[in-house]
Each structure stands twice: as structure tokens, then as C-alpha cells.
Amino acid sequence: MDELREILTGGQSFSWSEEADCFSAVLNERVYRVKKEEDFYQDSFLKAYYDLDFDYSTARAEISKKDELLKQAVENFPTLRILRQDPWITLISFILSQNNNIKRIKGLYDKLCVNYGHEVEKGYYSFPTPKELERVTISELRELKVGFRDRYIMDAIEKADILKGLEALSYDEAEKRLMSITGVGKKVASCILLFGYHRMEAFPIDVWIKKVLNTYYPGKELSYFEPYPALCQQYLFSMARFIKL
DNA sequence: CACCAGGCCGTGC
DNA sequence: GCACGGCATGGT
């Protein structure tokens, strides 16, 4: 279950909770419970969510050839993948993520669900829609301990319509529109485009990746990671957290 | 006490 | 355009 833990709770999604014998998430108006990779094959929603159509084996082979660190990464996380998440959920999730750590982001995510989402099964709450958050006040958000991100969330709720139609745009144009939301900079935008729109050309640069790039790839251009920038980035992110640079 | 976490904003140059 | 301080919160 270790690798599944990295994929589901390692920082690309905050929807999943680890329970005694499974991982659970409220998505698509119901609770999903999974224990292993194969559990994703049984349900059409989870199949798409788990990105089963992408040719990961070809990508892994190519990425392994690049260098020793990426080779180790592929060995350590043999079934790593980029989840196909809901754009709205990724927008708010990654606003919450800034200058924050994964454990606390998850805590804030859950508070939003319990306070503003709806119960789809006893004790399980959906992530609130823009409409459910329509009447939220900035002071209510501050009480949930989102901190300085309160006004960013407010702006995101107001501008939620920006998310519609981004699929059709070029990466740069979509990024530009996302960055018109206060609190969405280049890094958060790249996470939304990657995890919410499956834009595999994204390369989110956070504090972990900065350390990896400085330590293992000094002077290298990002084009080094072509043609799988997002996957290389995700492998390196997992490695950085895994090996604790 | 310090420093850090899937950063960004506002200001000053 | 780039550098820098501030920012809420909780953990180490």
C-alpha cells in the first residue's frame, strides 16, 4: 500500500484519507474506497481518475534512461501516475498549499468539506462547490485557520467561471487566465493545469523541486526533462520527499 | 528561540 | 523587469 499512499496522499490530491485498511475519498457524489491498484479498474469514474489510458510504461522507460536519480525514482515508484482531478478542487487545494505543508493542507481541505460541502454518506462530506461557497465570508474562512489565504479563496469563488473552457486554450493562455485569480501564481497555476487539466507539459517548481534542481541538475535547462516534464517533475518531487535531501 | 512547509502579494528600485 | 519582506498556522 506504500506506493498507493504516495500517489493518493503524497501531494497531488488532498481528497484521500488513509483509513485502517483502505484509502477513501468523496468524489463524484459518493465515497470511494480502495486498497490496491486493481480497485481502480472496477469503476468507470475511478478508471478515468486514475489515468489508465496514458502510456506510462513507455514514459517510464524513457525517463529511466535520463539519469541515475530518475532511474531510481522509477524503481521506487513503479506505478506513479498523474491523477485526473476536478479543476475546481485543484484550484482551491493549491491555493491552500502555498507556504504550507501537505498534512496541514489536508486538514484545511477536510474542514472546507465538513463546513460547506454536503454529507454523501454518514461522516463523509463532499468538497464544496462554488455555489455552496457563494455566501461564505472572509472571517468565516479565517476561523477555519486558512490564514492569509482567506482573500485568495474569496477571489477564487468569485472567479470560478474562469475554469470553464481552459481545455481549449494554449498552456500559456490558460496559465495567464488562472493567474488573474489573486493567490494563483505560476506554481499554483501549473499544479491546477497538471492535476486538474492533465497538461503534461506543466512543471511545477516548489521548494522541493528547487532543491532537487540545485543539487542534481545545476545549470540544466528544463527542456532536459522533455518529452515528459510533468512526470519527471512528479518523480523528482516524490524522490525529494522520500530521500529527504 | 529559530526555521520550514507543493508561494504569492505589495512595495521599492 | 527583479529583490525582498510580510504573511497565518502548526510542526520540529
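In what follows, chains carry the letters A, B, and so on, assigned in the order in which the sequence lines appear, proteins first and then strands, with residues in each chain numbered from 1.
At a threshold of 4.5 Å between side-chain heavy atoms, the hydrophobic network of Ile, Leu, Val, Met, Phe, Trp and Tyr places A:Phe195 and A:Phe54 in one connected group.
Counting non-hydrogen atoms under 4.0 angstrom, A:Glu143 reaches nothing in the nucleic acid. Using a 4.0 Å heavy-atom cutoff across all strands shown, A:Leu108 reaches no nucleic acid atom at all. As judged by a 4.0 angstrom heavy-atom cut-off over every strand, A:Lys145 is placed among residues touching the sugar-phosphate backbone only. In this structure, A:Arg149 reaches the bases: a heavy-atom distance under 4.0 Å links it to at least one base atom across the strands shown. Here A:Gly185 lies in heavy-atom contact (under 4.0 Å) with sugar-phosphate atoms only. Residue contacts for A:Phe14: at a heavy-atom cut-off of 4.0 Å it reaches no nucleic acid atom on any strand shown.
When the P atom is compared between B:dC3 and C:dG6, the two are found 13 Å apart, to the nearest whole Å. When the C1' atom is used for both B:dG6 and C:dA3, the distance is 23 Å, rounded to whole Å. With both ends at atom P, the span from B:dT11 to C:dA8 equals 14 Å, rounded to whole Å.
Per the geometry, CZ belonging to A:Arg142 stands 11 Å off P belonging to C:dC7, to the nearest Å. Protein atom CD1 of A:Ile95 is 16 Å distant from nucleotide atom C1' of C:dC7, rounded to whole Å. One atom, CD1 of A:Ile105, and another, P of C:dG11, lie 14 Å apart when rounded to the nearest Å. Rounded to whole Å, atom P of C:dA8 lies 11 Å from atom CD of A:Gln98.
Salt-bridge formation is detected for the pair A:Asp150/A:Arg142: a Lys NZ or Arg NE/NH1/NH2 atom is positioned less than 4.0 Å from an Asp or Glu carboxylate oxygen.
Heavy-atom contacts of chain A under 4.0 Å fall on DNA chain B between two terminal nucleotides, which in 5' to 3' order are B:dA5 to B:dG10.
Summary of the strand contacts: A:Lys103 and A:Gly147 both lie near DNA chain C, and taking for each the nucleotide with the nearest heavy atom, the more 5' one is attributed to A:Gly147. Looking at which nucleotide of DNA chain B each of A:Ile209 and A:Val184 is closest to, the 5′-most match is held by A:Ile209. When each of A:Ile181 and A:Asn101 is assigned the nucleotide of DNA chain B with its nearest heavy atom, A:Asn101 is the one assigned upstream, toward the 5' end.
No option in A:Leu91, A:Ile153, A:Ile157 other than A:Leu91 meets the side-chain contact (heavy atoms from CB on, under 4.5 Å) test with A:Ile181.
A:Arg30 forms a cation-pi arrangement with A:Tyr32, by the criterion of a distance under 6.0 Å to the ring centre and an angle within 45° of the ring axis. For the pair A:Arg33 and A:Tyr124, the cation-pi criterion (under 6.0 Å, within 45° of the ring axis) is fulfilled.
Taking the six-membered ring for Trp, A:Tyr109 and A:Phe127 have ring centres closer than 6.0 Å. Two rings, from A:Phe14 and A:Phe94, have their centers less than 6.0 Å apart.
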